[in-house]
Structure formats: structure tokens, C-alpha cells
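The figures that follow rest on heavy atoms only: side chains count, while hydrogens, waters and symmetry mates do not.
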Amino acid sequence: MAQFQLVMRSGPTPGATYPLEGDQLTIGRDSANGVSINDAEMSRKHARLTFQGGKYVIEDLGSTNGTFVNGQRLSGPFVLKGGDVVSFGEQIVLMYDVMSGDPGATVASPRRQSARVQSPVAPPVQVYSGQVAPGPAPAQKSNMIPIFIIVGVLLFICLCAVFFWYVDRNFLWCTIFPFLGGC
């Protein structure tokens, strides 16, 4: 018996686990999805997982920001394998886990050496229907080309002004521009 899950590596709730159960479930921002991720990068219905032949197949549902597996944008259905990295947009990254287990197996656990004090876990942030939780700020992309063009144009205008001032100040119009006439 295999169990499948998605574990959020980065996004609004890192470490969140989404158990995958059923023959078909959708992933998206809407709370009605089988996997609901309330983030602005997610479409309401972003992607679909379909259980086929003992494996999950993922496909994008025409989302705005795209669905990626191992860095490649999906253009059709894709069969997921354990360890695949599934991304939605640029900021939301999940790991696809396949856990094989025998329900009758005995599970060994390590002995506790001493009692440890655990810090309390913060309660989850209440999110209301239709609300998009604040995600990480999008990375700023700097494009210096327009700045260089503007500085170059301003420098050219200044050099032209200095040149014409020099020509006028030293009465060099007829020397430099003999074709002007009246010289």
C-alpha cells in the first residue's frame, strides 16, 4: 500500500503536508479544491491530479502563472515520481512524496534519553473565503537599460549645448558651418 502527499517547501505555509486521496483532485486557491493553497500566485483552479495505474498524473488547467515539475513548465499531463518538485508560479514549491507502508508492520521508535521542552506551535492564521493570504514579496527585477538610455540622451544634449555655446561665444559659425550662407 502506498500513500502519496505533497509537502510545501516554500510558499505561504512551508512544511504543510497535503495528503493525496481519491481518483481526482484539483489544486488551487479556491477552498473547494482537494489541495487548497491560498496565495495570489495560484489560480482558483490551477492544476488537476488524477490517479491512474497506481500513480498520480498532474496537468495544468490553463493557469496564469503555470505549473512546473522539476523546473519544466507543463504543456500536458505528467506522471509524478517520488521526489519530483512541483512548482506553481515562482514562489510556491512542493515536494511529491510516495510513502510505501505495510499497515501490519511494527514501527520501531528511538528511546527517549531525556524529556525535551518543545516550543508551542503557533495556531494557523484564519483565512476567510476569497481572501488571499500575503505571500512572500515578489523578487524585484532590475532593468538598467532604460536608465542608461536616458543618461546617454541627457549627456548628448548637454554636449551639444556646450558645443553650440562655444561656437557662438567664439564667433565660429562661418568657420565650422560655411554652408550656412551669409558668411
Side-chain angles (χ1 to χ4, degrees), residues 1-110 118-147:
M1 179 175 118
Q3 293 177 332
F4 305 93
Q5 67 181 9
L6 290 171
V7 180
M8 186 171 289
R9 297 293 182 221
S10 68
T13 53
T17 302
Y18 302 94
L20 305 179
E21 298 170 353
D23 290 338
Q24 186 169 308
L25 57 133
T26 53
I27 302 171
R29 187 175 70 226
D30 194 305
S31 62
N33 290 299
V35 175
S36 178
I37 301 172
N38 194 8
D39 190 89
E41 285 201 32
M42 296 292 292
S43 296
R44 285 187 183 99
K45 289 204 181 284
H46 199 103
R48 176 177 35 234
L49 285 169
T50 308
F51 194 68
Q52 298 175 356
K55 299 178 181 183
Y56 272 100
V57 176
I58 189 168
E59 60 184 310
D60 188 79
L61 296 177
S63 65
T64 303
N65 294 323
T67 302
F68 302 80
V69 176
N70 301 324
Q72 297 296 315
R73 188 173 189 143
L74 294 184
S75 58
F78 183 89
V79 178
L80 291 172
K81 297 174 290 311
D84 280 346
V85 176
V86 180
S87 305
F88 303 101
E90 294 181 9
Q91 303 293 324
I92 302 170
V93 179
L94 297 105
M95 176 74 71
Y96 176 73
D97 281 336
V98 178
M99 301 166 295
S100 297
D102 180 2
T106 303
V107 178
S109 62
Q118 290 185 323
S119 60
V121 177
V125 175
Q126 183 69 24
V127 179
Y128 302 99
S129 178
Q131 178 184 9
V132 176
Q140 294 293 329
K141 295 181 180 177
S142 175
N143 191 354
M144 298 295 291
I145 293 174
I147 294 172

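- Taking the side chain as every heavy atom from C-beta outward, Gln91 and Asp39 never approach each other to under 4.5 Å.
- Between Val35 and Leu20, the closest side-chain pair of non-hydrogen atoms falls below 4.5 Å.
- Summarising the geometry, atom OG1 belonging to Thr67 is positioned 7.5 Å from atom CZ belonging to Arg73; distances are rounded to the nearest 0.5 Å.
- Rounding to the nearest 0.5 Å gives a distance of 7.5 Å between CZ of Phe51 and CG of Asp23.
- Side-chain contact between Met8 and Tyr18 is present, with heavy atoms from C-beta onward closer than 4.5 Å.
- With rounding to the nearest 0.5 angstrom, the CD atom of Glu21 is 8.0 Å from the CD atom of Gln3.
- Put simply, the side chain of Glu41 never gets that close to the backbone of Asn65: no donor and acceptor are under 3.5 Å apart.
- With a 4.5 Å cut-off on side-chain heavy atoms, Lys45 and Asn33 count as touching.
- The shortest distance between side-chain heavy atoms of Val98 and Tyr56 does not fall below 4.5 Å.
- The shortest side-chain heavy-atom distance between Leu6 and Leu49 falls under the 4.5 Å cut-off.
- In this structure the side chain of Arg9 reaches within 4.5 angstrom of the side chain of Val7, judged on heavy atoms.
- Nearest heavy atoms, Pro12 versus Ile92: CD-CG1, 4.3 Å.
- The OG atom of Ser43 sits 11.5 Å away from atom CG of Asp30, with the distance rounded to the nearest 0.5 Å.
- Across every non-hydrogen atom of Arg29 and Ser36, the tightest pair is O-OG, 3.6 Å.
- Take Lys81 and apply the salt bridge (Lys or Arg N to Asp or Glu O under 4.0 Å) test, not counting sequence neighbours, and it matches Asp84.
- Looking at Phe88 and Leu94, their side chains come closer than 4.5 Å, going by heavy atoms from C-beta outward.
- Looking only at distances, a side-chain donor or acceptor of Asn70 sits under 3.5 Å from a matching main-chain atom of Val85.
- In this structure, the separation between CG on Leu74 and CZ on Phe68 is 8.5 Å, given to the nearest 0.5 Å.
- A side-chain donor-acceptor contact under 3.5 Å links His46 to the backbone of Gly66.
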